[in-house]
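So the structure is just underneath, and the comments pick up after that.
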Amino acid sequence: MRSMNIPKHVDIVEVGPRDGLQNEAAPLSLATKIALIDRLSGAGFPNVEAAAFVSPKWVPQMADSAAVLAGITRRARTVYSALVPNARGMEAALAAGVGEVVVFSAASESFAQRNINCSIAESITRFEPVARMARDAGVLLRGSISCALGCPYEGRIDPAAVADVVQRMADLGCDGIDIADTIGVGTPGAVQTVFEHTSKVFALERQAGHFHDTYGQALANVLASMQMGVATFHASVAGLGGCPYAKGATGNVATEDLLYMLQGLGVHTGVDLDAVVDAGAFVSAALGRPGSSRAGRALLARRCVATCIPHPTS
Ligand code: HMG
Ligand code: MG
């Protein structure tokens, strides 16, 4: 294979249990959520975004986050992460024993208002006590920046505005920062331009690509980011998800599709694709609809061909 200048290892943060399930009209049972997370950690992900300690009035699907974290079987190699919007959420997240908390803001003022009911500057002020509590408790702190490639309310976002929020998150002491294409409008060149800007204020090795796949660009955007040196990506099993405050946005890049591409490129992830296909089939059955991962569906069909079609006897 022709060699490409891309990282040899990629960390995948599996965000299906949080970003995926937060968008389901009919919430899954607690037992199903726990079983899904256990299947995902069993597949070998270094990080599973398992919960969100947000207002249940805003996102009722995440109201059972404490019970979810109490019910899972912890695996030593997996960090269990959760979203926290404020100090109250942080207290709950720490009590639940998370290994990493995620503070989330946006590169767009309009989206910040709609998603967390405050300005970008106010959100950073809210995160200051959260950051202190994370440091004191010894848990990792990650910052997530929505609408880095475009906003459902404001349209185009200036990459300099993204870099500005990255700088503010870096000043908070974030260990890692996610560049999120909330509505999946980014294309590879635009993604590289954003990373060019953000790399000037925070090491690219500590940034992650969080690409929703609304316009079918997510895998191309992952590859374009890898060519810049980004080596952490978020993905959602079975392509679950969307954002309740970004109408029409679909889920993150499907984990099965991302793994299939990375395997083809010879990039190591430590994640077992077959186990993820199983987890995707499990959650799709629980939701009563087929998963949206193309690779997941193809691999399931191939299994069926191997086991369901009777072999000719002669
Ligand atoms: P608010 O209404 O401005 O704040 O919400 P408030 O302080 O007035 O609180 C409202 C109610 O929520 C109160 O209850 C609080 O006690 C309670 P009441 O007195 O009315 O009974 N409350 C809480 N309850 C539990 N946990 C908490 C908490 N905080 C307050 N932590 C707030 C402000 C930030 C709380 C709200 O806007 C919120 O929870 N927003 C979260 C929205 C959200 O979760 N969005 C989806 C996740 S972000 C995302 O998907 C994007 C991402 O994937 C990246 C990308 O793709 O872009 C990360
Ligand atoms: Mg998202």
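Since this is a predicted model, take the numbers as computed values, not measurements. We count ligands from 1, going down the list as the structure has it; atoms in each ligand are counted the same way. Residue numbers run from 1 in the order of the sequence given.
- Checked by distance only, ligand 1 and Val59 stay at 3.5 Å or farther apart across all their nitrogen or oxygen atoms.
- Under 4.0 Å from ligand 1, heavy atoms of Val54 appear from its side chain as well as its backbone.
- Contacts of Asn86 with ligand 1, taken as heavy-atom pairs under 4.0 Å, involve the side chain alone.
- The side-chain heavy atoms of Arg142 and Asp178, taken from C-beta on, include a pair separated by under 4.5 Å.
- A salt bridge is absent between Asp38 and Arg75; no separation between the charged side-chain nitrogens and carboxylate oxygens falls under 4.0 Å.
- Between Arg206 and Asp175 no salt bridge is recorded (no basic side-chain N to carboxylate O distance below 4.0 Å).
- No side-chain heavy atom of His197 sits less than 4.5 Å from a side-chain heavy atom of Val162.
- Of all the atoms in ligand 1, the ones that sit under 4.0 Å from a non-hydrogen atom of Gly89 are 31 (N).
- Taking a cutoff of 4.0 Å between a charged side-chain nitrogen and a carboxylate oxygen, Asp164 and Arg168 qualify as a salt bridge.
- Contact atoms of ligand 1 toward Ile116: 33 (C), 34 (C), 37 (O) (distance under 4.0 Å to a heavy atom of the residue).
- The shortest N or O to N or O distance between Asn115 and ligand 1 is below 3.5 Å.
- With a 4.0 Å cut-off on non-hydrogen atoms, Lys57 touches ligand 1 through its side chain and not its backbone.
- A heavy-atom distance below 4.5 Å is not found between the side chains of Pro46 and Arg77.
- Note on ligand 1: Pro56 sits in its first shell, one or more heavy atoms being nearer than 4.0 Å.
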- Task: Take Asn47 and Glu100, measure what side chain to side chain donor-acceptor pair (under 3.5 Å) needs, and give me the verdict at the end.
- Result: CA-CA 9 Å; Asn47 192 320; Glu100 181 182 55; 2.8 Å; yes
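- Counting heavy atoms under 4.0 Å from ligand 1, residue Gln113 does not touch it at all.
- Geometry at the Mg ion (ligand 2): NE2/His210 and OD2/Asp19 form an angle of 90°, nearest 10 degrees.
- Those atoms of ligand 1 that come under 4.0 Å of a heavy atom in Phe53, given as number and element, are 26 (N), 27 (C), 31 (N).
- Contact annotation: Ser144 has at least one heavy atom less than 4.0 Å from an atom of ligand 1.
- Every residue meeting the ring-ring contact (aromatic ring centres under 6.0 Å, His included) condition with His234, not counting sequence neighbours, appears here in chain and number order: His210.
- Of all the atoms in ligand 1, the ones that sit under 4.0 Å from a non-hydrogen atom of Arg126 are 34 (C).
- Every atom of ligand 1 with a heavy atom of Leu83 under 4.0 Å away is listed here by number and element: 47 (C), 48 (S).
- For the pair Ile145 and ligand 1, the shortest N or O to N or O distance does not fall below 3.5 Å.
- Taking the side chain as every heavy atom from C-beta outward, Met4 and Gln227 approach each other to under 4.5 Å.
- When only interatomic distances are considered, the shortest N/O to N/O separation between Asp19 and ligand 1 falls below 3.5 Å.
- Listed by number with element, the atoms of ligand 1 under 4.0 Å from a non-hydrogen atom of Ala180 are 54 (C), 55 (C), 56 (O), 57 (O).
- Taking a cut-off of under 4.0 Å to the non-hydrogen atoms of His212, the atoms of ligand 1 that pass are 56 (O).
- Residues Leu141 and Val15 do not share a hydrophobic cluster, defined by chaining ILVMFWY side chains whose heavy atoms lie under 4.5 Å apart.
- The Mg ion (ligand 2) lies at 2.8 Å or more from every N, O or S atom belonging to His234.
- The cationic atom of Arg88 (NZ for Lys, CZ for Arg) does not lie both less than 6.0 Å from the six-membered ring centre of Phe53 and within 45° of the ring axis.
- By the 4.0 Å N-to-carboxylate-O rule, Arg289 lies close enough to Glu24 to be salt-bridged with it.
- A donor and an acceptor atom, one from each side chain of Ser105 and Ser123, are located under 3.5 Å apart.
- Per-residue contacts place Asn117 under 4.0 angstrom from the following atoms of ligand 1 (heavy atoms of the residue considered): 1 (P), 2 (O), 3 (O).
- For the ligand labelled ligand 1, residue Met62 lies outside the 4.0 Å heavy-atom shell.
- In this structure, Arg18 has a heavy atom closer than 4.0 Å to ligand 1.
- Asp19 places a side-chain heavy atom less than 4.5 Å from the side chain of His212.
- Looking at Ser146 against ligand 1, both its backbone and its side chain come within 4.0 Å, counting heavy atoms.
- With a heavy-atom cut-off of 4.0 Å, Ser55 touches ligand 1 through backbone and side chain alike.
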